[in-house]
Asker: 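Have a look at this one before I ask anything.
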Amino acid sequence: MVLKKLFTFFVAIIVAQISIAQSIVSIPNKEVLQSLDYKMEVLEDRTKLLELNQILLPTYQKQFYLPKESVANFGFASYSYWYRVKIYIGNIKNKDKQWYLQMHNTNTDFISVYFLDTKDNLVKKYDTGDNFLYLQRPVDYHKFIFPIPQNTGDTLQVYVKTAGHYIKTHIFDLIENEQLYKDMQYSLSFLIFLVSIIFALLVYNTLLYISILESVYLYYIGYLSSTLIYLMATTGIGYQMLYPDVVSIVNGMPVLSAIASLSFSNIFSIKFLKIKEILPAWVVKYMYFVVYIGILIEFILLFIIWDNIYLTQIFAVGMIYTIITSVSILSIGIWCFIKGSR
């Protein structure tokens, strides 16, 4: 009987240790990039109050799990999420190379990154996100980059806490400094190229409107302007280059600009495609109704954006609105093409 109890006790300890054990990722010797897909374990904090000292307790350690998907997607849930992984850094032969933890999401309000040694001692902590000044980021980049301490032994524990009002889909990887510099050059060059094209169209159509004063061009200018703002807001380069010292407008800029873009697109479509002459009258009424709904959402968002109340819910409504409106505009455009070709 005693042996049976002892056996049960040791089995329970082993199971507990297995459940608490973290996956270990080795920094590669030859490669310059290491994906953390299927390696970052996650914990959902519905209270949004848990701190690192609580997370390190066995009660919470055993609640971490490895998502079935390569990237965990929690939608617009208003909870906080903790990620963890162990990184083996003992095989870094070239000490001149700096490795970084890279988080690809450019729209996250709060991020805390903790690097711990194997005895749970804090080695380095970073606090950043869209609710912090851009200059507080550890690396000057539109993505979130965190230098990994490399002189603290062979193994590091990494904990990342994220919170905010945007969709919760976080992608992580490890990247070496030379590759990071190349990615920075390529990413910024590509984004600046896209911005330049939209800006050139904006200038061209502005000159056309000034010349002929046709209202259809005015709506197209509004569409291009809001699309340009949306691109810069969602990629993070707007915060990096235009308004690094203004935190308050960062939160709502993607949704505000997306709804504005679709509203202008609706009115432009009505004028440019001459929908009144081609399609039934209810289609035009529906499109204007969609515009009014978009304006209402924008006003609500402008009122609540300053105190962060119900931001998650209104962002979700805004994203649903953009999806429905986009499908509507595309469908009506195809309908106009079919009717017009007859």
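Counting begins at 1 with the first residue of the sequence.
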Asker: Hey, are Glu44 and Tyr81 close enough side-chain-wise for a donor-acceptor pair under 3.5 Å?
Answerer: yes

Asker: Closest approach of Lys143 and His104, non-hydrogen atoms and distance?
Answerer: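 Heavy atoms of Lys143 and His104 come nearest at NZ-ND1, 3.4 Å.
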
Asker: Let's go through Val291 and Phe264 carefully: what are the C-alpha distance in whole Å and the side-chain angles of both, what is the deciding distance for side chain to side chain contact (heavy atoms under 4.5 Å, CB included) to 0.1 Å, and is it a yes or a no?
Answerer: CA-CA 8 Å; Val291 172; Phe264 281 117; over 6 Å; no

Asker: Is the backbone N or O of Ile148 less than 3.5 Å from a side-chain atom of Gln98, with the two atoms forming a donor-acceptor pair by type?
Answerer: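 Looks like yes, one N/O pair under 3.5 Å.
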
Asker: What distance separates Leu57 CG from Gln61 CD, expressed to the nearest 0.5 Å?
Answerer: 8.5 Å

Asker: I would like to know whether Phe268 and Phe272 meet ring-ring contact (aromatic ring centres under 6.0 Å, His included); could you show each step before the answer?
Answerer: CA-CA 6 Å; Phe268 170 74; Phe272 183 74; 5.1 Å; yes

Asker: Output side-chain donor-acceptor pairs under 3.5 Å for residues 184-194, partner residues at least two apart or in another chain, one line each.
Answerer:
{"unit_1": "Gln185", "atom_1": "NE2", "unit_2": "Tyr181", "atom_2": "OH", "d": "3.1"}
{"unit_1": "Ser187", "atom_1": "OG", "unit_2": "His142", "atom_2": "NE2", "d": "3.2"}
{"unit_1": "Ser189", "atom_1": "OG", "unit_2": "Gln185", "atom_2": "O", "d": "2.6"}

Asker: Drop me the distance from Met40's CE to Tyr83's OH, to the nearest 0.5 angstrom.
Answerer: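 Reported to 0.5 Å precision, the distance equals 8.0 Å.
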
Asker: Is it the case that the side chain of Asn266 and the backbone of Ile270 share a donor-acceptor pair, with hydrogens and angles ignored and the cut-off at 3.5 Å?
Answerer: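 Answer holds: no.
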
Asker: With side chain to side chain donor-acceptor pair (under 3.5 Å) as the test, would you mind laying out the steps for Ser328 and Tyr286 before giving the verdict?
Answerer: CA-CA 10 Å; Ser328 298; Tyr286 166 76; 2.7 Å; yes

Asker: Walk me through it: do Ser326 and Leu330 pass the test side chain to side chain contact (heavy atoms under 4.5 Å, CB included)?
Answerer: CA-CA 6 Å; Ser326 299; Leu330 178 61; over 6 Å; no

Asker: Output yes when a side-chain donor or acceptor of Tyr288 lies under 3.5 Å from a complementary backbone atom of Val283, and no otherwise.
Answerer: no

Asker: Verify, without hydrogens or angle tests, whether Glu176 (side chain) and Glu178 (backbone) share a donor-acceptor contact under 3.5 angstrom.
Answerer: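 Answer holds: yes.
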
Asker: Would you kindly check if the NZ (Lys) or CZ (Arg) of Arg84 is within the cone defined by 45 degrees around the ring axis of Phe64 and under 6.0 Å from the six-membered ring centre?
Answerer: yes

Asker: For the pair Thr108 (side chain) and Phe110 (backbone), establish whether a donor and an acceptor sit closer than 3.5 Å, ignoring hydrogens and angles.
Answerer: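 It does not hold such a pair.
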
Asker: State the CG-CD distance between Leu56 and Glu51, to the nearest 0.5 angstrom.
Answerer: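 It is 11.5 Å, given to the nearest 0.5 Å.
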
Asker: Let me have the donor-acceptor pairs involving side chains of residues 199-217, under 3.5 Å, with sequence neighbours excluded, atom names and distances please.
Answerer:
{"unit_1": "Asn205", "atom_1": "ND2", "unit_2": "Leu201", "atom_2": "O", "d": "2.7"}
{"unit_1": "Thr206", "atom_1": "OG1", "unit_2": "Leu202", "atom_2": "O", "d": "2.6"}
{"unit_1": "Ser211", "atom_1": "OG", "unit_2": "Leu207", "atom_2": "O", "d": "2.8"}

Asker: Please round to the nearest 0.5 Å and tell me the distance separating atom OG1 of Thr162 and atom CG of Asp109.
Answerer: 10.0 Å

Asker: Please round to the nearest 0.5 Å and tell me the distance separating atom CH2 of Trp282 and atom CE of Met287.
Answerer: 10.5 Å

Asker: Indicate yes or no for a side-chain donor-acceptor contact from Tyr126 to the backbone of Pro147 under 3.5 Å, with no hydrogens or angles considered.
Answerer: yes

Asker: State, without any angle test, whether Gln157 and Asp120 hold a side-chain donor-acceptor pair at a distance under 3.5 Å.
Answerer: yes

Asker: Assign the ring pair Tyr114 / Trp82 to parallel, tilted or perpendicular, where the plane angle (0 to 90°) is split at 30° and 60°.
Answerer: parallel

Asker: Using 0.5 Å steps for rounding, measure from the CG atom of Asp45 to the CD atom of Gln54.
Answerer: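 Taking CG in Asp45 and CD in Gln54, the distance rounds to 8.5 Å.
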
Asker: Output side-chain donor-acceptor pairs under 3.5 Å for residues 218-227, partner residues at least two apart or in another chain, one line each.
Answerer:
{"unit_1": "Ser225", "atom_1": "OG", "unit_2": "Ile221", "atom_2": "O", "d": "2.8"}
{"unit_1": "Ser226", "atom_1": "OG", "unit_2": "Gly222", "atom_2": "O", "d": "2.8"}
{"unit_1": "Ser226", "atom_1": "OG", "unit_2": "Tyr223", "atom_2": "O", "d": "3.1"}
{"unit_1": "Ser226", "atom_1": "OG", "unit_2": "Ser261", "atom_2": "N", "d": "3.2"}
{"unit_1": "Thr227", "atom_1": "OG1", "unit_2": "Tyr223", "atom_2": "O", "d": "2.7"}
{"unit_1": "Thr227", "atom_1": "OG1", "unit_2": "Ser261", "atom_2": "OG", "d": "2.9"}

